[in-house]
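The structure presented is a predicted model; accordingly, all values stated were derived computationally and were not measured. Order of the sequence lines sets the chain letters (A, B, ...), proteins ahead of strands, with each chain counted from 1.
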There are 4 protein chains.
Amino acid sequence: MARPRSEDKRSAILAAATELVAAQGLGAPTAKIAKQAGLAEGTLFTYFENKDDLINQLYLEIKTDLRDAMMANYPAHRSLADRARHIWDRYIDWGVAFPAKRKALSQLGVSGRITTTTTDASRSAFCEIEALMHESLATGPLKDQPPAFVVAIMESLAETAMRFTTSDPAQAERYKQAGFDAFWRAISMK
Amino acid sequence: MARPRSEDKRSAILAAATELVAAQGLGAPTAKIAKQAGLAEGTLFTYFENKDDLINQLYLEIKTDLRDAMMANYPAHRSLADRARHIWDRYIDWGVAFPAKRKALSQLGVSGRITTTTTDASRSAFCEIEALMHESLATGPLKDQPPAFVVAIMESLAETAMRFTTSDPAQAERYKQAGFDAFWRAISMK
Amino acid sequence: MARPRSEDKRSAILAAATELVAAQGLGAPTAKIAKQAGLAEGTLFTYFENKDDLINQLYLEIKTDLRDAMMANYPAHRSLADRARHIWDRYIDWGVAFPAKRKALSQLGVSGRITTTTTDASRSAFCEIEALMHESLATGPLKDQPPAFVVAIMESLAETAMRFTTSDPAQAERYKQAGFDAFWRAISMK
Amino acid sequence: MARPRSEDKRSAILAAATELVAAQGLGAPTAKIAKQAGLAEGTLFTYFENKDDLINQLYLEIKTDLRDAMMANYPAHRSLADRARHIWDRYIDWGVAFPAKRKALSQLGVSGRITTTTTDASRSAFCEIEALMHESLATGPLKDQPPAFVVAIMESLAETAMRFTTSDPAQAERYKQAGFDAFWRAISMK
DNA sequence: AATGAATGAGAATTCATTCAT
DNA sequence: AATGAATGAATTCTCATTCAT
């Protein structure tokens, strides 16, 4: 019966947090985040219990956003290589289009403040991708490694490709292509 | 702020900083670092102008330590593959032996507080390795990419291998081997 | 801030405030009080202008409750000693039966936030008891002191008896008796 | 070798805290306390770990001060009544001379933030007085009650006498005398 | 050079109160 | 009237840095 909690405001906080965490790291003050979201300092805490809660929800939000970007128009019935390429391209495109999200995510990842609950939720959101990787290595050289290892390899190579793209945007396409090729060689049969 | 006298104290501060940054991130208080180094709070500032200076010197220190570890007994006259393998193995061994250094380095890397001066100095310390990579891709599939790209690929794959090793130490050898193979496939001719 | 409708809700707020002030002191948040009363935060302020108003009304409410407990079945026509004993016993019984009210009252008493208006109203509610005390000291050793002094003496001794009863309930009866005897000796002729 | 921690500053903080807690209760801000002590906000926390620590040390400090006041020139070899009277008089004099200490003490007492460690230390400081009370009731009407009960009775009566003295200073002597008489009757044989 | 007390600008919350719904 | 989101001042405590000793 009172003013309902607004999804817009929650999103504004997450968006502001993304920008500020990307720029300043986890030290970004909640007061600054709230202000940038156009809200009073205290309002942030009606949407998030405390800073750790905000951080964890932000992590999940960005990861989910990334997953959605990767899975949009996913060519489920094409070849393994096509699907892998689709995932890779979407990943890179997302990272280049939203550098703040990408940076924030890596800050959050190394922060040591993401709880197991959050990482579990995140992992489950990526199960289709994990399944793809699992399939990809069935007969390949990494067949004895856990699928998560292949996922991690992809992430780290993509991260590298994005970093080089960011500092040298003219060569974006080249890094995207070269990165995927390297990845594909890394996990495929010769 | 006068000239510091004791190299031991400087090292003690850097060692303490490594531990604490690895454990708590860049938020680790200078007072705690000084105390863990067996010194008074203020003493830290005779050895380092301010926290950013400490952070940058720490980065350089760890990077140099890593370089030295990689280059020890470097088989300069063996085959390319042998030399690459040597580098890779030393990298992994170092990361597994000194997890705090590894974690601190990754915290420092994403902190946004490492100056260009520092990264330049670091890069120059790795010139031999960059040369090796340059050579490695002369005729390979990545021949049009900058050598730094290959270095970054190696770093990210090694980082991944180390992370999995840390969480599953029994399989250390497997990750080391599989990681190198993936890397070598990624940058070599089919 | 319009006229409140429900007496039930007012009582619920006061009851909740009693519990919370007893447990946490005057720092008890109005939001918590409202919630424990089964109401929304803002509703509290339709019943009480602000926190100080709530505090003052609470003080008066508990004092009145205590007075009613003391005066129930008051043996108006029995001896002075019997009447004093009646008052004393009811006081102690009340305090033991409602420890939260007792604690809240003492928190409120020392808070410095009870206005003169409130204390005056409270005092007038206790006029019968003051009259009794007045009578009691007519010929006694305290005949030159103000009746309020005797009331205060009774209150402080009763408070002490209750405190000891609370921490050692098995001896309840003994403290009640010994406390009264001490009080009666204190204000009576030898 | 650095500036030594100054006992003066510690005392200044405790004095400021006494004033402010007496006036505003436990809600008195640490920043205000520090400022009134002539120090920066943060300095308070080099002398006291946190606010609870300050509160507990303050309680002990005031209690000890009171004990010292009571025991100064204690006539150890005079009669029981003389010694009791000495204690009583010193107590009242102290309370009247230092109303802030008295008020602060009662605020602290009901705050629920004094730890058992603190109350134990306080009790042990009052052991001589407890012994006196113990002796006083050996053959008296309260001989079956714990000595602490008698101490509490004295405290509560003294508190009452002081309150009346404060609000009516002209009658100070009368309340002091009447209070002691009431106390002595309360605990002595008829 | 070394020490650690002193400083005061933040930081994350909390909370009485207001006000849109 | 009832609700609970919104507000922003206030609070406790932290921490890089300075400076008296």
Side chain to side chain contact (heavy atoms under 4.5 Å, CB included) evaluation trace for A:N50 with A:L54
CA-CA 6 Å; A:N50 49 41; A:L54 167 61; over 6 Å; no
Criterion side-chain hydrogen bond (donor to acceptor under 3.5 Å, both in side chains) on A:S122 and A:R67, from CA distance to verdict
CA-CA 9 Å; A:S122 159; A:R67 195 268 322 265; over 6 Å; no
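One can place CZ of A:F45 at 17 Å from P of E:dA16, the figure rounded to the nearest angstrom. If you take NZ of A:K35 and P of F:dA9, they are 12 Å apart, rounded to a whole angstrom. The nearest whole Å value for the distance from the CG atom in D:L44 to the P atom in E:dA5 is 14 Å. Taking atom CG of residue B:D53 and atom C1' of nucleotide F:dA16, one finds them 14 Å apart after rounding to whole Å. Spacing between atom CG of D:D8 and atom P of E:dA5 amounts to 15 Å, rounded to whole angstrom units. The nearest whole Å value for the distance from the CZ atom in D:R5 to the C1' atom in F:dT21 is 16 Å. One can place CD1 of C:I55 at 14 Å from C1' of E:dT17, the figure rounded to the nearest angstrom. Atom-to-atom, CG of D:L26 to P of F:dT11 comes out at 14 Å; the value is rounded to the nearest Å.
Residues C:D52 and B:G38 each lie close to DNA chain E; by heavy-atom proximity, the contact nearer the 5' end of the strand is made by B:G38. Comparing B:A28 and A:T46, the nucleotide of DNA chain F nearest to each residue sits closer to the 5' end for A:T46. Where C:G27 and C:G42 each meet DNA chain E at their nearest nucleotide, the meeting point lying more 5' is that of C:G27. Place A:A40 and D:P4 on DNA chain F by their nearest nucleotides, and A:A40 ends up nearer the 5' end.
Taking only side-chain nitrogens and oxygens, C:T43 comes nearer than 4.0 Å to OP1 or OP2 of F:dT3. Side-chain N/O atoms of D:R3 include none lying less than 4.0 angstrom from OP1 or OP2 on E:dG4. Phosphate proximity of F:dT12 to D:T30: present, with a side-chain N or O under 4.0 Å from OP1 or OP2. Taking 4.0 angstrom as the limit, A:Y47 places a side-chain polar atom (N or O) nearer than this to OP1 or OP2 of F:dA6. Remark: B:K9 is in phosphate contact with E:dA2, judged by side-chain N or O atoms under 4.0 Å from OP1 or OP2.
Comparing F:dT3, E:dT13, E:dA16 by their nearest atom to the side chain of C:L39 picks out F:dT3. You'll find that the side chain of D:A2 is closest to E:dT3, out of E:dT14, E:dT3, E:dC15.
Nucleotide F:dG8 forms a pair with E:dC15, judged by Watson-Crick or G-U wobble geometry with both contacts under 3.5 Å.
Using a 4.5 Å heavy-atom cutoff, the side chains of C:S111 and C:Y59 are not in contact.
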Would you tabulate the side-chain donor-acceptor contacts of residues 10-32 of chain B under 3.5 Å, counting partners in other chains and residues two or more places apart, or write 'none'?
| unit_1 | atom_1 | unit_2 | atom_2 | d |
| --- | --- | --- | --- | --- |
| B:R10 | NE | B:Q57 | OE1 | 3.4 |
| B:R10 | NH1 | B:E7 | OE2 | 3.4 |
| B:R10 | NH2 | B:Q57 | OE1 | 2.7 |
| B:S11 | OG | B:E7 | O | 3.1 |
| B:T18 | OG1 | B:L14 | O | 2.7 |

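At a cut-off of 3.5 angstrom, the base of E:dC15 holds no donor-acceptor pair with the side chain of C:E41.
Contacts of D:A34 with the nucleic acid, taken as non-hydrogen atoms under 4.0 Å apart, are absent.
Annotation: the span from A:L108 atom CG to A:K63 atom NZ amounts to 10.5 Å, rounded to 0.5 Å.
Screening D:T118, D:T117, D:T119 against D:N56 for a side-chain hydrogen bond (donor to acceptor under 3.5 Å, both in side chains) leaves a single residue, D:T118.
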